[in-house]
Amino acid sequence: MDKEDRISYLPRNVIDRIFELLPVEDAARTSILSTKWRYIWAALPNLVLDNLFCNKLASRSGYIFEQTIDKILLQHVGDIVTFDLDMSGLELSLCPDIDRWILYATRNSVKKLKLNMTEYRTSKVPSYIFNCPTLTKLKLFNCVVKLPKSFLGFQKLTTLFLQKVTFESTTKICVINVPLLVKLSLINCNGTQYLNIVSVGLKYLHFCESRCNLDLNCFMNCKQLTCLYLEVDNYSMPAERITLEKLLISFATLEVLTLCSFELELLSAGAVRKGLPFTLNCLYHLELAVNFKEIGQIYYAFELIQSSAKLSKLDIWVYDSCDTAEAILKCIDTPITFLDQQLNTLKDVAMHYFKGSKTELFFIKLLLARTPSLVRMNIDPYGSLEDWNIAIELMRFPRASPKAELFYLTNVDKNLQAVD
């Protein structure tokens, strides 16, 4: 019988990778295997204290939760590359040690820091984070941030993700200089009107449903932006329409664009039909939430599609729809008004939350007739819509592409059913 300990003699980088895939608790148990294994887990560069781990400890007692994490940090050897602490959902009493844990991570050259604080109390992020020069990725959830007056920015940060984060009000705009920032996500945040984030190398911007006005002007110099996701419903009109339009004009490298129904309404309010003041020459994926009750949004959606010379993938989310808007029904009798050119690069189209209204059917019919390059179109019906008469009508629409397949997703088993 071969008794050779092959695992122990694996290259150290392989052993480290195996430990990274283990929960912290299991990694710590390896210390009893032999003297050779005693300190391997303590030198792991990535400390991931996920929600499952924290909940398990907290269910026993708050004291055990604190003491266990204290021991993990006390026994740790070397720098910390990743520190991930997920306390979401925990009903903990005030825990002063959290600040100390974060201080420990920032003093040990942490590069990737993720904090998901409990939703049951307001947690302030300690100022140590903003004095950490080694951070490259920062993700914060469910917390309050007060930027120190001396804070100028993160010099090495490449990714900043903030969700349900509240910035405390200040008397003046806080300029945050992040010269290496590539990805910025602000999801359901408050107080972002007090920020001016400066990063000329930004490539990815996701701004979703914040309850305040982010100053879009601070992104005007982001000439390398390739992905833009805007899902905000509280712009001030018409000033923000002009700013939003200027943004789209300045983003010559944009490849992926997502706009919600409110942004379409905002942009279409001042749009001149049959021509936009910009073209999206690099765009290959367009995602739009369209209110099919509003003729302006339908027009603008088609204008965006036509202004994207390399468009390959199109996702349409039906925000709202009905068959009672007579003005719209009259307009769709003249389809040339909406789409008067062939879409020669579009291959993949999907319509989500499809409700089966005449305006939606018109939209689909027009795309099928004007897209000779189309390969696949998916129709995802909303709720309990299982009207096969609509599916049959869709199947009968003429198609410019001989390769185009039309798929109708039923609500019985959610399996794709071809209606070709």
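In this chain, numbering begins with 1 at the start of the sequence shown. Worth knowing before you read on, the calculation uses all heavy atoms, side chains too, and leaves out hydrogens, waters and symmetry mates.
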Exercise. Any side-chain donor paired with an acceptor under 3.5 Å for Asn344 and Ser373?
Worked result: no
Exercise. Tell me, do Phe167 and Leu162 make a side-chain contact under 4.5 Å, heavy atoms counted?
Worked result: yes
For this session: Decide yes or no on side chain to side chain contact (heavy atoms under 4.5 Å, CB included) for Glu168 and Val145, but give the supporting numbers first.
Result: CA-CA 6 Å; Glu168 291 191 349; Val145 170; over 6 Å; no
For this session: State the OH-CD distance between Tyr319 and Gln297, to the nearest 0.5 angstrom.
Result: 9.0 Å
Problem set entry | Contacts of type ring-ring contact (aromatic ring centres under 6.0 Å, His included), residue Phe83, not counting sequence neighbours | none
Exercise. Below 4.5 Å, heavy atoms only, C-beta onward: do Val318 and Val290 meet side chain to side chain?
Worked result: no
Problem set entry | side-chain hydrogen bond (donor to acceptor under 3.5 Å, both in side chains) assessment of Asn291 paired with Ser261 | CA-CA 6 Å; Asn291 185 345; Ser261 175; 4.7 Å; no
Exercise. Atom CG of Leu47 and atom CG of Leu73: how far apart are they, to the nearest 0.5 Å?
Worked result: 6.5 Å
Problem set entry | Test item: Glu393 and Leu361 side chains (from C-beta on) under 4.5 Å apart, heavy atoms | yes
Please tabulate, one pair per line, all N/O donor-acceptor pairs under 3.5 Å involving side-chain atoms of residues 177-185, not counting sequence neighbours.
none

Exercise. Within 45° of the ring axis of Phe407 and under 6.0 Å from its six-membered ring centre, is that where the NZ or CZ of Arg376 lies?
Worked result: yes
Exercise. Only one of Asn116, Ile98, Asn55 clears side chain to side chain contact (heavy atoms under 4.5 Å, CB included) with Met87; which?
Worked result: Ile98
Seminar exercise, completed: When Phe397, Phe302, Tyr299 are each screened for ring pair (Phe, Tyr, Trp, His ring centres under 6.0 Å) with Phe363, the one that passes is Phe302
For this session: Over 60° means perpendicular and under 30° means parallel, so classify the ring planes of His76 and Tyr104, tilted if in between.
Result: perpendicular
Exercise. Are Phe53 and Asn51 close enough, and set up right, to give a side chain to side chain contact (heavy atoms under 4.5 Å, CB included), and what steps lead you there?
Worked result: CA-CA 5 Å; Phe53 175 78; Asn51 188 254; over 6 Å; no
In residues 307-314, what donor-acceptor pairs under 3.5 Å come from side-chain atoms, sequence neighbours left out?
{"from": "Ser307", "atom 1": "OG", "to": "Glu303", "atom 2": "O", "distance (Å)": "2.8"}
{"from": "Ser308", "atom 1": "OG", "to": "Leu304", "atom 2": "O", "distance (Å)": "2.8"}
{"from": "Lys313", "atom 1": "NZ", "to": "Asp348", "atom 2": "OD2", "distance (Å)": "3.4"}

Problem set entry | Phe130, CZ atom: more than 12 neighbouring heavy atoms under 6.0 Å | yes
For this session: Fit a plane to each ring of Tyr229 and Tyr204, take the angle between them on a 0 to 90° scale, and name the class: parallel (under 30°), tilted (30 to 60°) or perpendicular (over 60°).
Result: tilted
For this session: Over 60° means perpendicular and under 30° means parallel, so classify the ring planes of Trp317 and His352, tilted if in between.
Result: parallel
For this session: Before accepting this row, confirm whether a basic side-chain N of the pair Asp70/Arg100 lies closer than 4.0 Å to the acidic partner's carboxylate O.
Result: yes
Exercise. Quick one: does Val375's side chain get under 4.5 Å of Glu405's, heavy atoms only?
Worked result: no
Problem set entry | Non-hydrogen side-chain atoms of Val144 and Val125 separated by less than 4.5 Å | no
Exercise. Is a side-chain N or O of Asp86 found less than 3.5 angstrom from the main chain of Ser88, in a donor-acceptor match?
Worked result: yes
Problem set entry | Residue pair Thr82, Asp84: steps toward the side-chain hydrogen bond (donor to acceptor under 3.5 Å, both in side chains) verdict | CA-CA 6 Å; Thr82 301; Asp84 185 342; over 6 Å; no
Problem set entry | Check: Thr134 side chain, Val110 main-chain N or O, donor-acceptor pair, under 3.5 Å | yes
